[in-house]
Amino acid sequence: MMKVTNSSLLFAFAYALVGLGVGIFVTVTAIGDYRFFFLFSTASAFITAYLLWTFIMEKRIHKLKRFALVTGGLSGILSHYVCWYFLYVSANVCYWSTGGCTGSLGEAPANLVVAFVGAFALSFWSLLLFGWLTISAGMVIAMVMATYFTKQRIEK
């Protein structure tokens with residue numbers, strides 16, 4: 001069983017705020033049906049940041065600062081893919097349950113296997129548009145946290 005730590009939750013919450021900000025911007029400005037995009041971006045940012053912090057930073061506690069930039073950068077990159085895959089999943093659930101959420105020509109959304117590739121394509125474009133923000137914000141948040149938790153450990 002995975003141990004829940006304050007640092008993992010703190011990093012995930014702080015990075016989820018970045019996902020929320022980007023998601024709100026996309027929800028408001030994008031053409032098409034992106035009304036729930038902010039939910040997917042926030043959830044994907046939280047989940048990705050939490051898992052990466054837990055598996056990279058918590059396992060390498062003695063090398064905290066060395067891996068902080070990598071953890072923050074990976075959070076900024078991988079959260080795009082997870083967000084787009086969540087979007088595909090929600091479109092499929094909507095289609096299966098209500099028959100809605102079809103494409104512009106009335107076709108069903110891509111199945112979840114095809115969505116693995118589709119999420120990569122959409123991630124490429126979202127990383128070009130917002131990657132500079134999500135990657136750098138993840139790295140800054142991770143470094144601030146690594147510095148804080150390193151100081152805490154030294155004081156004990």
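Keep in mind that this is a model prediction, so the values were computed, not measured.
- Remark: Phe120 engages Tyr81 in a ring-ring contact (aromatic ring centres under 6.0 Å, His included) (not counting sequence neighbours).
- Between the side chain of Asn92 and the backbone N or O of Asn111 there is no donor-acceptor pair closer than 3.5 Å.
- Contact annotation: the side chain of Ser126 approaches that of Trp84 to within less than 4.5 Å [non-hydrogen atoms, C-beta and beyond].
- With Thr27 contributing its side chain and Phe38 its backbone, the two residues share a donor-acceptor pair below 3.5 Å.
- Counting only distance, with no hydrogens or angles, the side chain of Thr98 and the backbone of Tyr95 share no donor-acceptor pair below 3.5 Å.
- A donor-acceptor contact shorter than 3.5 Å is absent between the side chain of Ser8 and the backbone of Tyr50.
- Listed by first then second residue, pairs satisfying salt bridge (Lys or Arg N to Asp or Glu O under 4.0 Å) with a partner in residues 74-87 number zero, not counting sequence neighbours.
- Other residues sharing a hydrophobic cluster with Leu105 under the 4.5 Å side-chain heavy-atom criterion for ILVMFWY residues do not exist; the residue is a singleton.
- Two residues are said to be in side-chain contact when any heavy atoms from C-beta on lie closer than 4.5 Å; Phe25 and Leu133 fail this criterion.
- When side chains are defined from C-beta on, Tyr34 counts as touching Leu87, because their heavy atoms get closer than 4.5 Å.
- The OG atom of Ser123 lies 12.5 Å from the OH atom of Tyr85; values are rounded to the nearest 0.5 Å.
- If you take OG on Ser7 and CE on Met145, they are separated by 5.5 Å, rounding to the nearest 0.5 Å.
- Using a 4.5 Å cut-off on side-chain heavy atoms (C-beta onward), Met57 and Phe11 make no contact.
- Counting only heavy atoms from C-beta outward, the side chains of Ile141 and Leu17 never approach each other to under 4.5 Å.
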